[in-house]
Amino acid sequence: MKVLVINCGSSSLKYQVLEMETEELLCKGLVERIGIDGSVIKHEKIGMDKWVLETPMKDHKDAIGHVLNALTDPEHGVAKSMDEIGAVGHRVVHAGEKYAGSVLITDDVIKALEECIDLAPLHNPANLQGIAACKALMPNTPMVGVFDTAFHQTMPAESYLYALPYEYYTKYGVRRYGFHGTSHRYVSLKAAEMLGKKPEDLKIITCHLGNGASLAAVCGGKVFDTSMGFTPVAGLVMGTRCGDIDPAILGYVAAKEGKDLAAMDKVINKESGVYGLSGVSSDFRDVENAANEGNEQAATALKVYAHRVKSYIGAYMAEMNGCDAIVFTAGLGENGITMRKAICENLENLGIELCDERNNVRGKDTVISKDSSKVKILLIPTNEELMIAKDTYEIVTGK
Ligand code: AMP
């Protein structure tokens with residue numbers, strides 16, 4: 001069966017088609033500038049050159065219409081007709097406390113996801129538009145929702161509750177939800193496979209270090225804690241997000257700078273992180289280059305970044321009473337050789353020993369710890385699309 005995976009943003013859309021019997025990627029693509037001038041679809045059948053088509057697309061339905069045309073194109077397509085696409089898997093950011101796993105999309109599910117718009121106002125509406133467009137264009141094809149928050153739903157109350165008045169949780173759903181769940185799930189399962197053990201028998205700390213970044217403590221295959229919170233701004237230092245700060249800073253700086261809450265929200269989401277700290281860039285490569293050229297502020301930003309990851313690793317080892325493996329994934333986790341070294345430095349007393357030679361690698365499944373390291377350190381490129389496709393296939397076929 002071929003499964004179409006869709007990840008809808010507000011003005012863009014990423015997609016892939018996978019052949020599930022072999023888990024082979026058949027094609028992938030990106031639609032950009034949906035609803036604005038210069039709409040474009042960039043489609044790539046694996047093994048062929050990219051096919052780029054600029055054509056007006058007024059909304060997500062138009063965009064998905066063009067995706068379906070590309071999928072069935074005689075030259076660039078991967079299916080003779082739409083009937084060959086057995087199911088669609090949608091990435092959805094927020095399912096609140098409703099779903100702890102992926103589900104077949106029904107009208108009730110759509111209603112539940114609409115109720116979560118308040119919790120993810122930038123993401124859920126776009127995800128729902130993608131679902132509505134597929135429903136209109138392929139009414140007989142089953143669809144599955146795969147949620148970023150779902151894997152974290154196993155967290156106990158001591159991990160997810162904030163020490164605020166309890167009624168904010170019961171009335172407004174103010175709690176830690178966590179994000180990047182599909183990635184944490186994929187790499188924790190892959191880590192178990194690489195270590196030849198069952199997920200139930202392992203304590204793993206998964207480090208998803210991309211533009212957005214989060215850690216998860218995965219104990220016996222279930223998330224015990226994660227660093228992102230009510231929103232994805234919490235936890236680690238990120239490209240432009242501040243991660244954990246003293247909450248009183250917001251009011252203090254707002255008063256000093258004459259900013260309102262919306263302006264402060266922009267500061268913590270778009271103007272902070274390594275970008276704000278270094279004054280150079282949100283891209284770690286630029287910050288590393290600047291640091292190598294003697295920019296001390298950039299060097300300090302990287303130190304703050306590594307320090308925060310380290311402190312979460314320590315916290316999660318304490319929470320789980322140990323750890324069998326640490327996994328690095330996403331852009332920086334997969335490629336940042338010096339950052340991985342900085343994070344793992346001086347952790348020998350915790351049984352964490354990185355091997356410099358093995359660490360000199362990018363983007364492939366591999367063990368990068370010394371043989372003597374009690375805690376195995378793994379590098380695993382994430383593959384959220386494959387995880388979405390697998391869930392979709394399993395739910396639709398019951399296999
Ligand atoms: P992602 O959000 O997973 O695509 O990750 C994007 C981040 O990965 C960017 O901010 C880059 O700074 C970082 N990144 C990608 N390649 C490298 C590299 N070779 N070295 C260091 N950082 C990298």
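Just so you know, ligand 1 is whichever comes first in the structure, and atom 1 is the first atom listed for that ligand. The first residue in the sequence is number 1, and the count goes up from there. All values below were derived from every heavy atom in this structure, side-chain atoms included, with hydrogens, water molecules and symmetry-related copies excluded. Keep in mind the model is a prediction, meaning the values are calculated, not measured.
Short contacts between ligand 1 and D283, defined as distances under 4.0 Å to a heavy atom of the residue, involve ligand atoms 10 (O), 11 (C), 12 (O). Ligand 1 places these atoms under 4.0 Å from at least one heavy atom of G210: 1 (P), 2 (O), 3 (O), 5 (O). Which parts of ligand 1 touch R285 is read off a 4.0 Å heavy-atom cut-off, strictly below it: atoms 11 (C), 12 (O), 15 (C), 16 (N), 17 (C), 18 (C), 20 (N), 21 (C), 22 (N), 23 (C). Residue R362 has at least one heavy-atom neighbour below 4.0 Å for each of these atoms of ligand 1: 19 (N).
Closest to atom 10 (O) of ligand 1 among all protein heavy atoms lies F284 CD1, 3.6 Å. From the protein, the heavy atom lying nearest to atom 22 (N) of ligand 1 is L332 CD1, 3.6 Å. Nearest non-hydrogen protein atom to atom 3 (O) of ligand 1 is G331 N, 2.9 Å. Looking only at heavy atoms of the protein, atom 7 (C) of ligand 1 is closest to N211 N, 4.0 Å.
Considering backbone and side-chain atoms together, G336 places no N or O closer than 3.5 Å to any N or O of ligand 1. The N/O atoms of H208, backbone and side chain alike, include none that comes under 3.5 Å of an N/O atom in ligand 1. Ligand 1 has no nitrogen or oxygen under 3.5 angstrom from a nitrogen or oxygen of G212.
Here atom 19 (N) of ligand 1 lies nearest to N335 when heavy atoms of N335, I337, T338 are compared.
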Residues 3-13 side chain polar contacts: donor-acceptor under 3.5 Å, at least two apart:
from : atom 1 : to  : atom 2 : distance (Å)
N7   : OD1    : R91 : NH1    : 3.4

Would you give me the side-chain donor-acceptor pairs under 3.5 Å for residues 43-56, sequence neighbours excluded?
from : atom 1 : to  : atom 2 : distance (Å)
H43  : ND1    : Y15 : OH     : 2.6
H43  : NE2    : H76 : O      : 3.0
K45  : NZ     : G77 : O      : 3.1

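The pair D283-R285 meets the salt-bridge criterion, since a charged nitrogen lies less than 4.0 angstrom from a carboxylate oxygen. Look at K2 and E84 and you find a salt bridge, because one of the NZ, NE, NH1 or NH2 atoms lies within 4.0 Å of a carboxylate O, short of that distance.
The ring of H152 has its center no closer than 6.0 angstrom to the ring center of H180. Aromatic ring centres of F179 and H94 lie closer together than 6.0 Å. The six-membered or imidazole ring of Y169 lies near that of Y160, with a centre-to-centre distance under 6.0 Å. Separation of the F224 and Y316 ring centroids does not fall under the 6.0 Å cut-off.
Under the 4.0 angstrom criterion for non-hydrogen atoms, S282 is in contact with ligand 1.
No side-chain donor-acceptor contact under 3.5 Å links T240 to the backbone of G273.
Within 4.0 Å of atom 5 (O) of ligand 1, at least one protein heavy atom is present.
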